[in-house]
Amino acid sequence: MATLSEIRALLGESRFNWSDPAPWTELEQEFGIAFPADFREVVDAYGSVSINGQLYLKHPASHLLHNLGKELRMDLEFWREEDMAEFLPSRAGTAPGEMLPVASATTGEAIFLRVPDGPSSPWRVVVQEMDSPSWTLYEMTFGEWLLAYLKGRDVMLCSRNHAPDGPFYEPLP
């Protein structure tokens, strides 16, 4: 499994380093789900950021302008609309097998975590391309998927073109 240290080695030292679990606890109680540990670890380390000027991750701290809770509520509503639901392999939501929208990209992708079918099943990443009905299931955890993205692997459109000199990140305002 990808570790935060491997991600830091490619992306650079994190500066956000959030340690209060309260925003996660509130969000998890609201949605009735526990986010995967690797996703929480990365987001707590880096906060709400743009990675390579392409991928957007959001932290759940409600005082942030770009926060995961607000985005998650809007994205779930959007992806549950009848004309958008057909673009996903299963319903957007927090029940087993459903798609939880957790990130977005300037190149038109929406990044989802597929909620495990059972307690021993792993979380997986699904990337949906907004300009087509195409989606891809990646049989990897969020940390593994992010590490593949940072290494320029083909897990999103044009990922190498956005960081020809190597991965970087910028905090969102």
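Numbers here simply count residues along the sequence, with the first being 1.
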Please list, chain by chain and in numerical order, all residues satisfying side chain to side chain donor-acceptor pair (under 3.5 Å) with [X], sequence neighbours excluded.
| X | answer |
| --- | --- |
| Trp123 | none |
| Glu28 | Arg40 |
| Glu139 | Arg124 |
| Ser5 | Thr3 |

Partners of [X] by side chain to side chain contact (heavy atoms under 4.5 Å, CB included), sequence neighbours excluded?
| X | result |
| --- | --- |
| Arg91 | Arg80, Glu98 |
| Ser48 | Lys58, His59, Leu64, His66, Leu172 |
| Arg15 | Tyr169, Pro171 |
| Asp165 | none |

Heavy atoms, side chains only, cut-off 4.5 Å: are [X] and [Y] in contact?
| X | Y | answer |
| --- | --- | --- |
| Pro60 | Leu72 | no |
| Val126 | Leu113 | no |
| Val49 | Tyr56 | no |
| Trp145 | Val127 | yes |
| Ile33 | Val115 | yes |
| Phe35 | Leu27 | yes |

Could you pull out the closest heavy-atom pair between [X] and [Y], with the gap in Å?
| X | Y | value |
| --- | --- | --- |
| Asp75 | Pro101 | CB-CG, 3.6 Å |
| Leu150 | Pro167 | O-CG, 3.2 Å |
| Ala103 | Leu57 | CB-CD2, 3.7 Å |

From Val102, Leu100, Leu146, residue fulfilling side chain to side chain contact (heavy atoms under 4.5 Å, CB included) relative to Phe39: Val102

Between Asp38 and Thr141: side-chain donor-acceptor atoms closer than 3.5 Å: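 Thr141 and Asp38 do have a side-chain donor-acceptor pair below 3.5 Å.
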
Thr106 versus Gln54, side-chain donor and acceptor atoms under 3.5 Å: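 No, because no side-chain N or O of Gln54 sits under 3.5 Å from a partner of the opposite role on Thr106.
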
Residue pair Tyr46, Arg8: steps toward the side chain to side chain contact (heavy atoms under 4.5 Å, CB included) verdict: CA-CA 10 Å; Tyr46 288 94; Arg8 278 191 176 123; 3.2 Å; yes

Pairs where residues 110-122 contributes a residue and the test side chain to side chain donor-acceptor pair (under 3.5 Å) is met, not counting sequence neighbours: Arg114-Asp117

Residue pairs fulfilling ring-ring contact (aromatic ring centres under 6.0 Å, His included) with at least one residue in residues 69-116, sequence neighbours excluded: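 Sorted pair list: Trp79-Phe112.
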
Contacts of type salt bridge (Lys or Arg N to Asp or Glu O under 4.0 Å), residue Glu30, not counting sequence neighbours: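 Per chain and number, Glu30 pairs via salt bridge (Lys or Arg N to Asp or Glu O under 4.0 Å) with Arg73.
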
Test salt bridge (Lys or Arg N to Asp or Glu O under 4.0 Å) applied to Glu82 - qualifying residues, sequence neighbours left out: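 Per chain and number, Glu82 pairs via salt bridge (Lys or Arg N to Asp or Glu O under 4.0 Å) with no residue.
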
